[in-house]
*Asks:* 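Questions regarding the structure given below will be posed in turn.
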Amino acid sequence: MKQIEAVVANINDLNDGEMRQVSVSETEILLSRIDGKFYAVGAHCSHYKAPLAEGVLSGHHVVCPWHNAYFDVTTGDQVEPPGLDALACYKVRIEGENVIVSVPEETTGLRSPAMAQFNPNADGRTFVILGAGAAGVHAAETLRVAGYQGRIVMITQDNKLPYDRTKLSKDYFIGKTSSEEMLLRSPDFFKEHAIEVLLNKRVEQVQTTAKAITFSDGNSLTYDALLVATGGKPRQLDIPGADLQNILTLRSFDDADRILTTIKQKGQAVVIGSSFIGMETASGLSQHGLQVTVVSPDSVPFKKTLGEEIGKIFQQVHEENGVSFKLGRKAVQFEGSDKVGAVILDNGDRLQADIVIIGVGVQPATDFLKGVDLHPKDSSVVVDEYLCAGDDIYAAGDIARYPDWRTNESIRVEHWRVAAQQGRIAANNMAGKAVKFRGLPLFWTMQFNFPLRYLGHAQSWDEIIVDGDLQKQEFIAFYTKNNQVLAVATSHRDTETAAISELMSLNQMLTVEELRRGTVDLIQRH
């Protein structure tokens, strides 16, 4: 392919450990200098195309400023998800003091990682992945990247190829993303890499001692290694009238389409629950022109996760956009003939409703597992630091209860990036490697024009130290316990968030005393 080259910098423009975005013709490039040598890779993250130059360069890798994917700037390889593709890597040469980069005439700035070819003669094993969410798709690809040449079967009860579930209550819901753009990979990709995806397949039972899977249609499949990544199923309300039409949940593509079809007539909407899905759905319904009321037993949205002050800001943002709240209340009955017409609260209030969205959380989808230790609290799958749950069986994502490497607590985290990270780690271990899970939880939300990112995991805290202005929605909130930063919530502080991600991953986060003094530059500290 024809190459285009151009002078992009002087050798003195960058010091060691620095990076900048440059261009060759119309191709944007991330140029970096590591140990005296220059490297050039694609300039945008493979997840949501964030400008990597606004992230943080640490050693050989850059941390994306949006959702903290990691890429090796010397090779373009992805080190940490949530993206799937690696970055394109371009040739660099030095002439005198000029840094010259060559790029193909046609390039997307991304590339699929190198993968092994399916060869049943070399490896006759069958590895099965139950679930086609973030954990499942990352695991399937990682098996091939790790050199596994045997059969890969990914099984899902969904009727679509793996898609970006995080967008269901965000961009897809408000029309910013099409259904085609939701797919993580094309049908041709799975075919090319011999990853079998069985759609509309419901698992009846997994017998781990026999290494056999039985399906609801009576068919069965045996495996040599199994990854269970079935995620969660929405919790329902067991109250009178719960079987009326237009009482819906938002978990799958079909759920989103069903809601979008129902709300074409506008009207009154009631969201039960102030979870992130519930609140994001309330934001989306409001933007579609519905009158929305959120009903929740909590006194403040997200109080248990983010604290009262930040929770009140979310409530304020919603109210400024027309959303009403009934807090400290529970729904006790739904009224209507065929379709829901009203929601009755525990104080007797009656809310008119043309549609009701149930957003009261999910429970692990694990009831089909036999011979696996399930946690008595929530039926999650108990795994070790290698995400192993038993003989040749692994678990990842929403269903996995794992030891937190920072606190030694047994935790379960329902985050897309954690699922992607765990899918990759589990796949490497299935392929014969011994890799411990040391991922850092991250989730993000966008409600109206208020973005928030949350790093780490804090089930409780002693103090929240805030840097910035909460009311201006430009801040970093540090959740501390026993003189340790357990979690961080940020808004409009992207580069610093990337630096914090690196510091927390390296276990080199600032002390509580340093945060109180407020004199440390996070970007320089990393």
Side-chain angles (χ1 to χ4, degrees), residues 45-48 60-64 67-72 75-87 110-116 127-150 152-154 156 162-166 184-185 189-190 193 195 197 225-231 381 383-389 392-405 412-443 455 501-502 505:
C45 179
S46 59
H47 184 222
Y48 288 173
H60 286 198
H61 63 255
V62 60
V63 184
C64 172
H67 305 132
N68 300 160
Y70 283 43
F71 298 92
D72 188 323
T75 64
D77 293 341
Q78 182 181 226
V79 181
E80 286 280 358
L84 283 166
D85 281 330
L87 305 176
L110 303 173
R111 61 176 174 82
S112 294
M115 298 186 187
F127 285 2
V128 174
I129 300 167
L130 294 184
V137 72
H138 277 268
E141 295 193 20
T142 301
L143 284 172
R144 290 286 184 239
V145 172
Y148 173 69
Q149 294 181 282
I152 300 174
V153 184
M154 184 188 299
T156 176
Y163 53 87
D164 189 340
R165 194 182 301 276
T166 65
L184 295 172
R185 293 296 195 190
F189 178 92
F190 292 108
H193 298 289
I195 299 170
V197 184
L226 173 68
L227 171 62
V228 184
T230 43
V381 181
V383 298
D384 62 17
E385 57 192 347
Y386 299 96
L387 304 180
C388 184
D392 292 318
I393 182 168
Y394 297 81
D398 292 4
I399 67 167
R401 181 171 291 276
Y402 63 95
D404 185 344
W405 63 270
R412 185 174 70 86
V413 177
E414 299 169 358
H415 300 169
W416 179 262
R417 183 174 183 255
V418 168
Q421 290 171 309
Q422 291 184 341
R424 289 162 61 98
I425 297 297
N428 275 306
N429 291 325
M430 292 168 74
K433 301 181 180 182
V435 185
K436 296 180 180 180
F437 179 65
R438 285 176 58 90
L440 181 69
L442 164 74
F443 74 80
L455 289 162
S501 175
E502 179 68 348
S505 296

*Asks:* Any side-chain to backbone donor/acceptor pair from Trp416 onto Phe443? Under 3.5 Å, distance only.
*Replies:* no
*Asks:* Let me confirm one number: the CG-NE2 distance from Leu227 to His138, rounded to the nearest 0.5 Å.
*Replies:* 12.5 Å
*Asks:* Can you list the residues that meet the salt bridge (Lys or Arg N to Asp or Glu O under 4.0 Å) rule with Arg165, with sequence neighbours excluded?
*Replies:* none
*Asks:* Return yes if some donor-acceptor pair links the side-chain N/O of Glu414 with the main-chain N/O of Asp398 below 3.5 Å, else return no.
*Replies:* no
*Asks:* Are the side chains of Glu80 and His61 in contact, using a 4.5 Å heavy-atom criterion?
*Replies:* no
*Asks:* Are the side chains of His67 and Cys45 in touch, meaning some heavy atoms are under 4.5 Å apart?
*Replies:* no
*Asks:* Give the minimum heavy-atom separation between Ala139 and Ala427, together with the two atoms involved.
*Replies:* O-CB, 3.3 Å
*Asks:* Identify the heavy atoms of Ala419 and Ala134 that sit nearest to each other, and give their distance.
*Replies:* CB-CB, 3.9 Å
*Asks:* Checking side chain to side chain contact (heavy atoms under 4.5 Å, CB included) between Leu226 and each of Asp392, Val128, Ile129, which is the one that passes?
*Replies:* Val128
*Asks:* Distance from Tyr394 atom OH to Asn428 atom CG, nearest 0.5 Å?
*Replies:* 10.5 Å
*Asks:* What distance do Asn429 atom CG and Phe437 atom CZ have between them, rounded to the nearest 0.5 Å?
*Replies:* 11.5 Å
*Asks:* Do Ser112 and Arg185 have side chains that get closer than 4.5 Å, going by heavy atoms?
*Replies:* yes
*Asks:* Is there a side-chain contact between Phe189 and Leu84 (heavy atoms, below 4.5 Å)?
*Replies:* no
*Asks:* Under 3.5 Å, is there a donor-acceptor pair between the Tyr70 and Glu502 side chains?
*Replies:* yes
*Asks:* For Ala229 versus Gly136, what's the shortest heavy-atom pair and its separation?
*Replies:* CB-N, 4.2 Å
*Asks:* Give the ring-plane orientation class for Tyr148 versus Phe127, where under 30° counts as parallel, over 60° as perpendicular and anything between as tilted.
*Replies:* parallel
*Asks:* Quick check: does any side chain N or O of Arg417 sit under 3.5 Å from a backbone N or O of Asn68, one acting as donor and the other as acceptor?
*Replies:* yes
*Asks:* Quick one, Asp164 and Leu184 - any side-chain contact, counting heavy atoms below 4.5 Å?
*Replies:* yes
*Asks:* Working to the nearest 0.5 Å, report the span between CD of Gln78 and CZ of Arg111.
*Replies:* 10.5 Å
*Asks:* Walk me through whether Trp405 and Lys436 qualify under side chain to side chain contact (heavy atoms under 4.5 Å, CB included).
*Replies:* CA-CA 9 Å; Trp405 63 270; Lys436 296 180 180 180; over 6 Å; no
*Asks:* Measure across Ala396 and Ala135 and return the closest heavy-atom pair with its distance rounded to 0.1 Å.
*Replies:* CB-CB, 3.9 Å
*Asks:* Could you pull out the closest heavy-atom pair between Gln422 and Gly397, with the gap in Å?
*Replies:* OE1-N, 2.8 Å
*Asks:* Between the main-chain N or O of Val381 and the side-chain N or O of Arg401, is there a donor-acceptor pair closer than 3.5 Å?
*Replies:* no
*Asks:* For Ser46 and Asp85, indicate whether the former's side chain and the latter's backbone hold a donor-acceptor pair under 3.5 Å.
*Replies:* yes
*Asks:* What's the shortest heavy-atom distance between Ala400 and Val383, and which atoms?
*Replies:* CB-CG2, 4.4 Å
*Asks:* How long is the straight-line distance from CD1 of Ile393 back to CG of Leu387, given to the nearest 0.5 Å?
*Replies:* 12.5 Å
*Asks:* Out of curiosity, Leu143 CG to Met154 CE, how far, rounded to the nearest 0.5 Å?
*Replies:* 9.0 Å
*Asks:* Would you mind reporting whether Tyr48 and Thr166 have side-chain heavy atoms less than 4.5 Å apart?
*Replies:* yes
